[in-house]
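Everything numeric in this text was worked out from a predicted model, so none of it was measured. Per chain, numbering begins at 1; letters A, B, ... match sequence-line order.
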There are 2 protein chains.
Amino acid sequence: MKERQTRQLLAVYDVVSVARDHPSAEEVYRRVRRRFPRVSLGTVYRNLQKLAAQRRVRVVQLADRAACYDGMVEDHNHFLCERCGAVTDLVRREAAPPDCRTLERAGYVIGAHTLTIYGLCPKCRPRSVGGAGKAAERCRL
Amino acid sequence: MKERQTRQLLAVYDVVSVARDHPSAEEVYRRVRRRFPRVSLGTVYRNLQKLAAQRRVRVVQLADRAACYDGMVEDHNHFLCERCGAVTDLVRREAAPPDCRTLERAGYVIGAHTLTIYGLCPKCRPRSVGGAGKAAERCRL
DNA sequence: CTTTCTGCAAACTCTTTGCACTCGT
DNA sequence: ACGAGTGCAAAGAGTTTGCAGAAAG
């Protein structure tokens with residue numbers, strides 16, 4: 001039950017937290033292997049999952065591509081370049097809504113965007129006190 | 001080169017545009033098969049892709065799960081219940097920033113949220129006039 | 001020493017694709 | 001009749017998992 005500090009876990013964490021380029025699991029594997037040539041991809045996946053569960057790394061799942069990992073654990077958004085595939089961290093300023101103007105001024109061309117909120121729906125919330133009864137399939141936000 | 005209106009394409013579109021529950025490709029397949037028992041999963045995938053390219057359906061890619069399809073093509077956000085997995089469309093009111101209060105009032109428990117913007121980074125934009133030169137790896141937004 | 005973790009390889013899920021045939025146009 | 005689209009089945013990418021042995025505490 002107790003978590004062990006294996007070299008592999010430390011190496012995986014190190015690679016992700018140092019990386020600024022949102023590496024995929026495969027890429028993390030490649031980098032970890034530079035230090036531990038005998039590490040296995042399965043171990044890298046297991047450790048990435050463990051770190052994500054502890055919120056020590058962040059999983060970034062973008063349209064159809066493989067998941068990539070981000071050492072930036074603070075709350076922030078992402079910009080995905082549809083040509084080169086680069087992922088840019090968009091650090092949020094306070095609670096201000098994202099301002100596309102700022103991005104455009106920095107040279108980005110803005111296309112679509114997706115916001116997903118995770119949580120519990122009214123049906124699933126712990127004690128449904130005050131819950132609005134029927135869960136709406138669509139909701140004005 | 002010309003697009004054909006096959007029964008399968010029409011059926012796939014029909015299933016997705018009528019559905020309010022964000023079905024996965026597998027689920028769309030199941031439903032299309034009720035009308036065309038000989039349809040293949042490959043065809044469903046091909047037609048979903050075609051429809052998505054034409055913006056007649058929307059692909060919703062949520063953390064690790066299989067992609068699901070949304071007949072709602074207007075710009076909107078999503079709420080994913082982490083317990084039951086239900087996806088709720090969050091219809092946006094004008095350009096107003098998403099207001100979590102409204103959701104909470106409706107009985108939702110808000111957890112994390114992810115905003116991803118798609119587009120072109122400064123390096124990849126067509127004619128890099130006025131581009132800020134080096135692309136930032138992180139950006140204040 | 002005990003228990004968790006690892007390496008390996010096989011399995012699994014989701015999605016794409018090659019091919020011969022079908023069916024819209 | 002032409003060629004885009006189909007069904008089928010196999011391949012592919014990404015990720016997970018069972019197991020025997022390694023190593024952290």
So does [X] get a side-chain nitrogen or oxygen closer than 4.0 Å to the phosphate oxygens (OP1/OP2) of [N]?
X: Lys2(B); N: dC2(D); result: no
X: Arg4(B); N: dT22(C); result: no
X: Arg38(A); N: dC8(C); result: yes
X: Thr6(B); N: dC23(C); result: no
X: Ser40(B); N: dT6(D); result: no
X: Thr43(B); N: dG5(D); result: no
X: Tyr45(A); N: dT16(D); result: no

Could you check whether Gln49(A) gets within reach of a base, just the sugar-phosphate, or nothing at all, counting any heavy atom under 4.0 Å?
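Touches sugar-phosphate only.
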Need one value for Glu3(A): base, sugar-phosphate or nothing, where a base atom within 4.0 Å counts as base even if backbone is also close, heavy atoms only.
sugar-phosphate
In whole angstrom, what separates [X]'s [atom1] from [N]'s [atom2]?
X: Gln8(A); N: dG7(C); atom1: CD; atom2: P; answer: 4 Å
X: Lys50(B); N: dT16(C); atom1: NZ; atom2: C1'; answer: 14 Å
X: Phe36(A); N: dC5(C); atom1: CZ; atom2: P; answer: 16 Å
X: Leu9(B); N: dT22(C); atom1: CG; atom2: C1'; answer: 16 Å
X: Leu41(B); N: dT15(C); atom1: CG; atom2: C1'; answer: 8 Å
X: Tyr69(B); N: dC14(C); atom1: OH; atom2: C1'; answer: 10 Å
X: Arg30(B); N: dC14(C); atom1: CZ; atom2: P; answer: 10 Å
X: Leu51(A); N: dC5(C); atom1: CG; atom2: P; answer: 12 Å

Arg30(A), CZ: over 12 other non-hydrogen atoms inside 6.0 angstrom:
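Enclosed: over 12 neighbouring heavy atoms sit under 6.0 Å from CZ of Arg30(A).
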Can you tell if the side chain of Cys84(B) reaches within under 4.5 Å of the side chain of Cys121(A), non-hydrogen atoms only?
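Cys84(B) vs Cys121(A): side chains touch.
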Side-chain heavy atoms under 4.5 angstrom apart, residues restricted to Ile, Leu, Val, Met, Phe, Trp, Tyr: same cluster for Leu51(B) and Phe36(B)?
yes
In this structure, CG of Leu115(B) is separated from OG1 of Thr116(A) (nearest 0.5 Å) by 9.0 Å
When you check the side-chain N and O atoms of His113(B) and Asn77(B), is any donor under 3.5 Å from an acceptor?
no
Side chain Arg46(B) and base dG7(D) donor-acceptor under 3.5 Å
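Indeed there is one.
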On DNA chain C, more 5' by nearest nucleotide between Gln5(B) and Ala25(B) is Ala25(B)
